[in-house]
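As the structure is a prediction and not an experimental result, all values here were calculated from the model. By convention in this document, chain letters (A, B, ...) are assigned in the order of the sequence lines, proteins followed by strands, and residues within each chain are numbered from 1.
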There are 2 protein chains.
Amino acid sequence: MNKWIYELHARICNIFSNPKRLEVIDLLRNGEKSVNELSSLMNIPQTNLSQHLSLMRQRGMLETRRDGVNIYYSIANPKAIKAFDIMREVLLEQLSRNEKLIKKLKSA
Amino acid sequence: MNKWIYELHARICNIFSNPKRLEVIDLLRNGEKSVNELSSLMNIPQTNLSQHLSLMRQRGMLETRRDGVNIYYSIANPKAIKAFDIMREVLLEQLSRNEKLIKKLKSA
DNA sequence: TTAATATATTATTATGTTCGCATATATTAA
DNA sequence: TTAATATATGCGAACATAATAATATATTAA
């Protein structure tokens, strides 16, 4: 059986299942940022951010580059951003469908 | 702050973070299937499958249609399949990169 | 109505995830 | 070397998720 592919697939998609990790991806979409930059933009404890970054790196979603004391993270495969954006569209379409439904119900 | 969007985004992507749910999506990519059909194709207990289907439906990923005693599930928004496929590509590119690396290491 | 089939729900247990805290490591400057 | 800054890691508690088993509901046929 070839089910292992679903396991790996789920493992990498699991990165998208956490709001902080999604925010990281969104912040890195236009290029690399250091841990410091990310952590001040996101307003979360550095130690927690590092945990997320480390997981995303282990699973091949992010790459790192060291420059002196700073470590810069970037998105390894831009296709991941594409998937991110498509799922965002799916979400927004859901929301607007709900909105329309609510309006209909109100006017009835 | 607009962070709620990441919460919702994560919530819907969370569907992709489980191998069985990915298999359901893959099985439904060419059209609806009943719970029975899915459960025999997947070889998992019907009760477990129903739980996954119910979650996917709650989150707007799947729609249902009843025909007599059968309930047919289908994918609500085909864009979700697109996102599924892109992440599959990301994964396969990762795997082939690793393969190449292994070959390199072996020959060195 | 009863039986048979398809599907859903609930409770329980096992497992995984997330976070905060404390601590560790690496680099640079003094 | 020591101090300062940036980043990573290990541990434990709180919480979420997944699987199983048992049971419930809905539809159809007899």
Side-chain angles (χ1 to χ4, degrees), chain A residues 1 3-4 6-25 27-28 32-76, chain B residues 1 3-4 6-25 27-28 32-76:
Chain A
M1 211 58 109
K3 301 225 172 167
W4 57 270
Y6 293 115
E7 299 275 351
L8 293 177
H9 194 158
R11 196 178 160 72
I12 193 170
C13 286
N14 182 43
I15 291 171
F16 289 150
S17 75
N18 177 284
K20 293 183 181 171
R21 292 195 289 262
L22 289 174
E23 195 178 356
V24 167
I25 291 172
L27 288 169
L28 296 180
E32 63 178 21
K33 284 194 165 45
S34 71
V35 180
N36 235 336
E37 292 176 294
L38 288 172
S39 120
S40 54
L41 285 167
M42 293 177 66
N43 265 319
I44 63 170
Q46 171 271 322
T47 184
N48 187 9
L49 176 60
S50 268
Q51 287 170 337
H52 285 295
L53 292 174
S54 151
L55 184 137
M56 294 169 87
R57 191 191 157 179
Q58 275 173 41
R59 303 197 179 167
M61 175 72 56
L62 301 183
E63 291 175 343
T64 55
R65 176 179 78 82
R66 168 159 237 149
D67 182 11
V69 84
N70 298 295
I71 294 184
Y72 291 90
Y73 279 83
S74 56
I75 295 175
Chain B
M1 210 62 106
K3 301 225 173 166
W4 57 270
Y6 292 115
E7 300 276 351
L8 294 177
H9 194 159
R11 194 177 162 74
I12 193 168
C13 286
N14 182 43
I15 292 171
F16 288 151
S17 75
N18 178 283
K20 294 184 181 169
R21 290 195 291 262
L22 289 174
E23 195 177 356
V24 167
I25 292 172
L27 289 169
L28 295 181
E32 63 177 21
K33 284 194 163 49
S34 71
V35 179
N36 234 338
E37 292 176 293
L38 287 173
S39 121
S40 56
L41 285 167
M42 292 177 66
N43 264 319
I44 64 171
Q46 172 270 323
T47 184
N48 187 11
L49 176 60
S50 267
Q51 288 176 135
H52 285 297
L53 293 174
S54 148
L55 183 137
M56 294 168 87
R57 190 191 156 178
Q58 275 172 42
R59 301 197 179 167
M61 174 73 54
L62 300 183
E63 291 174 343
T64 56
R65 175 180 78 84
R66 168 159 237 149
D67 181 12
V69 85
N70 299 296
I71 293 184
Y72 291 90
Y73 279 82
S74 56
I75 295 175

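- The nearest whole Å value for the distance from the CG atom in B/Leu55 to the C1' atom in C/dT7 is 17 Å.
- The shortest distance between the side-chain N/O atoms of B/Asn36 and the OP1/OP2 oxygens of C/dA6 is below 4.0 Å.
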Just do the side chain to side chain contact (heavy atoms under 4.5 Å, CB included) check on A/Leu62 and A/Val24 with the steps written out, would you?
CA-CA 10 Å; A/Leu62 301 183; A/Val24 167; 4.3 Å; yes
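- Nucleotide D/dT20 holds its C1' atom 14 Å from the CG atom of B/Leu49, rounded to whole Å.
- Of all nucleotides listed (C/dT17, D/dA8, D/dA19), C/dT17 comes nearest to the side chain of A/Asn14.
- For the pair B/Arg66 CZ and C/dT5 C1', the interatomic distance rounds to 11 Å; values are reported in whole Å.
- Residues B/Pro19 and B/Glu23 fail the side-chain proximity criterion, which asks for heavy atoms closer than 4.5 Å.
- Rounded to an integer number of Å, the gap from CD1 of A/Ile44 to P of C/dG20 is 9 Å.
- Of the candidates D/dA8, D/dA19, C/dA8, the closest approach to any side-chain atom of B/Tyr73 belongs to C/dA8.
- With hydrogens and angles left out, the side chain of A/Thr47 and the base of C/dC21 share a donor-acceptor pair within 3.5 Å.
- The local environment of CZ in A/Arg11 is sparse, with at most 12 non-hydrogen atoms from other residues, nucleotides or ligands closer than 6.0 Å.
- When the side-chain nitrogen and oxygen atoms of B/Asn70 are compared with OP1 and OP2 of C/dT7, one or more of them lie within a distance under 4.0 Å.
- When each of A/Ser50 and B/Pro45 is assigned the nucleotide of DNA chain D with its nearest heavy atom, A/Ser50 is the one assigned upstream, toward the 5' end.
- Take the nearest nucleotide of DNA chain C for B/Gln51 and for B/Glu37: the residue whose nucleotide is more 5' is B/Glu37.
- In terms of phosphate contacts, B/Arg21 brings a side-chain nitrogen or oxygen within less than 4.0 Å of OP1 or OP2 of D/dA18.
- One atom, CZ of B/Arg11, and another, C1' of D/dT17, lie 13 Å apart when rounded to the nearest Å.
- Proximity of a side-chain donor or acceptor of A/Ser17 to a complementary backbone N or O of A/Asn14 within less than 3.5 Å is detected.
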Pairs counted only when both distances fall under 3.5 Å, Watson-Crick or G-U: show me the 5' to 3' dot-bracket for DNA chain D, [ ] for pseudoknotted crossings and | for other-strand partners.
||||||||||||||||||||||||||||||
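- Here the closest non-hydrogen pair linking B/Leu49 and B/Val35 is CD2-O, 3.5 Å.
- Atom NE2 of A/His52 is separated from atom C1' of D/dT7 by 16 Å (rounded to the nearest Å).
- The side-chain heavy atoms of A/Phe16 and B/His9, taken from C-beta on, include no pair separated by under 4.5 Å.
- For B/Leu28 against B/Tyr73, the heavy-atom pair with the smallest separation is CD2-O, 3.5 Å.
- Using a 4.0 Å heavy-atom cutoff across all strands shown, A/Arg57 reaches no nucleic acid atom at all.
- Regarding A/Glu7, its CD atom lies at a distance of 14 Å from the C1' atom of C/dT15, rounded to whole Å.
- A donor N or O paired with an acceptor N or O is not found under 3.5 Å between the base of D/dA6 and the side-chain atoms of A/Gln46.
- Toward the 5′ end of DNA chain C lies the nearest nucleotide of A/Ser17, the other residue of the pair A/Ser17 and A/Asp67 mapping further downstream.
- Look at CE on B/Met42: it is 13 Å from C1' on D/dA19, rounded to the nearest Å.
- For A/Arg65, the CZ atom is densely surrounded, since the number of other residues' heavy atoms within 6.0 Å is greater than 12.
- In this model, the phosphate group of C/dT17 is not approached by any side-chain N or O of A/Asn18 to a distance below 4.0 Å at OP1 or OP2.
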